[in-house]
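Residue numbering restarts at 1 for every chain, and letters A, B, ... go by the order of the sequence lines.
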Protein chains: 2
Amino acid sequence: MDLVHARKLVAEAIQNQEMLMVIGDCYVEYWGRAASKLPRGKRLCLIKGDGSFGIHQNKKLRPVNYMMGAAIASEVKDGCLLLSAKKAKPKEEIRVHFYAVDGVHRYAMDDREDVRLFGSERELSGQLMTDLSFIEPGLTPMKSEAPFRKGTVDILAEDGRGRLVVIEVKRRKAEFDAVTQLERYMKQVRKLKGRETRGLLIAPEISPHALELLEQSGLEFYQFDYEVGNPRATIKGVRKKQPTLSEYLGTPSAPLLSRGKD
Amino acid sequence: MDLVHARKLVAEAIQNQEMLMVIGDCYVEYWGRAASKLPRGKRLCLIKGDGSFGIHQNKKLRPVNYMMGAAIASEVKDGCLLLSAKKAKPKEEIRVHFYAVDGVHRYAMDDREDVRLFGSERELSGQLMTDLSFIEPGLTPMKSEAPFRKGTVDILAEDGRGRLVVIEVKRRKAEFDAVTQLERYMKQVRKLKGRETRGLLIAPEISPHALELLEQSGLEFYQFDYEVGNPRATIKGVRKKQPTLSEYLGTPSAPLLSRGKD
DNA sequence: GCGATCAGCGGCACG
DNA sequence: CGTGCCGTTGATCGC
């Protein structure tokens, strides 16, 4: 395809904030937060109306080079179509040299809708807020998304013996960071409130190493199952996992507690 | 565009592992790890040779729905072109209902090159390994990327007084995570090696909260500047941050003044 | 395969 | 603006 013509199409599409696809044999350089070079090959350059800019190879989900909110320029120079994306903060630049352009496609995208997602951590946390008693009788919610100076506690509650309970919820397997996060919150809450405080990690699963760390810190893990669907995610059950030896000797077993009827 | 014809193009492109772009008015549903619905609107469906599948709106960098390594199927049904992406583990599915197709574009992508990135944390860590003396005289590198049971220590070194030094390198501003990570490594190394051990965090910047946490744990922060370019990133300088008041008074383990504010 | 971590993380919500 | 943190995180590397 004629590069001058291609450039004209590109300029018009950007002007109109259309979605723009340029396919061709190109060489890409980037410098800014890091730097990179991508030797010649055929790729897709995808440019969106808000200045999102991405170079896609025919593999992987993510673009190999990208920029958000870019100022985009085009020119024909030295027998190449040069597309460049620039941003000031942080100072970054991508340059795409097209030696040949196989296709330019532009579309005005009429789209007034946004995606609706179900099963986010926030939603699960909200579900738990409505009823904590099936984790433990007498456990009552006080505040969700409680903001502290350093971070936000998912759920703040009080147990049957008047102790403060800090709850961290994870929508997937809990790892180290979940435990350290809870530890941080515990330190803050204990210092601030100055009363006896328990820490609960609630997740569908926990890694062995994370569980080890958790138990060393005197925190507790509860497993929960949930199901995502339309229009909401629903908690199916919560059970205490891997009871400590002393707890195990004290109580026969930790039964699975279900909410509602089956 | 005729949906039956569009479907033929789609099937051929997928068969040949070409890059495929379908643009049209569609409605998208997803369920799997979470669930989502995207009401009707015009979007791009981008399918790559390795089964990467993404629905792109005309904004943002990331696809609003996506799947990697998907098995893709197409059919014309109820006056719609239905594209579906499925995966077994975890069990997921995306369904895209195209009410109208504005364009189908397919390209065989001849690309044998991979991106070369400069300025990654690994590279910076490697640069530091070649000479640690400008952090502190007598500091000598022992091992980089030292694997432990729970994680990998960036750099293991020894200082002029024979103490073990655990170094964590960050390519960008250090936050809580960096400190807790270093703390974990410290615990392991102390236990394993059983000798006096220091912990150093090296980053271009550190957040005040992270610095506070770091100092409470008796760890040290060094700031470093670097420049990325081709073909490598280069360390420009390292300097120790202003000593803490407690260090200045000579009581690193038992501070006289309480620093906590929460 | 799982585990741990990095990423030019991106994106969001709250201060 | 920065700060923290979630994400259907994805991608990489080591065991």
For [X] and [N], what is the distance between atoms [atom1] and [atom2] respectively, to the nearest whole Å?
X      : N      : atom1 : atom2 : value
B/R172 : C/dT5  : CZ    : C1'   : 12 Å
A/E183 : D/dC5  : CD    : P     : 13 Å
A/Y66  : D/dA11 : OH    : P     : 12 Å
B/H209 : D/dT3  : NE2   : P     : 9 Å

Taking 5.5 Å and 30° as the limits, would you call B/F176 and the base of D/dG4 a stacked pair? no
What's [X] touching, base or sugar-phosphate or nothing? Going by heavy atoms closer than 4.0 Å.
X      : answer
A/G151 : sugar-phosphate
B/E168 : sugar-phosphate
B/E92  : base
A/P90  : nothing
A/S120 : sugar-phosphate

If you assign B/V64 and B/P147 each to the DNA chain D nucleotide with the nearest heavy atom, which residue ends up on the more 5' nucleotide? B/V64
Closest-nucleotide mapping onto DNA chain D: is B/R62 or B/K173 further toward the 5' terminus? I mean the 5' end. B/K173
Does a nitrogen or oxygen in the side chain of A/S207 sit under 4.0 Å from OP1 or OP2 of C/dA4? yes
Are OP1 or OP2 of C/dT5 and a side-chain N or O of B/Y185 less than 4.0 angstrom apart? yes
Among B/D50, B/D114, B/D111, exactly one meets side chain to side chain donor-acceptor pair (under 3.5 Å) together with A/K59. Which residue is that? B/D114
Check ion pair [X]-[Y] (N to O, under 4.0 angstrom):
X      : Y      : result
B/K89  : B/E92  : no
B/E123 : B/R232 : no
A/E29  : A/K37  : yes

Does a distance-only test, which skips hydrogens and angles, find a donor-acceptor pair under 3.5 Å between the side chain of B/E175 and the base of D/dG4? no
Donor/acceptor link under 3.5 angstrom from B/N65 side chain onto base of D/dT8: yes
Taking the six-membered ring for Trp, are B/Y222 and B/F224 ring centroids under 6.0 Å apart? no
Pairing donors with acceptors under 3.5 angstrom, does anything connect the side chains of A/N65 and A/S36? yes
Hey, are B/H209 and B/E175 close enough side-chain-wise for a donor-acceptor pair under 3.5 Å? no
Within residues 49-60 of chain A: residues closer than 4.0 Å to DNA chain C (heavy atoms): none
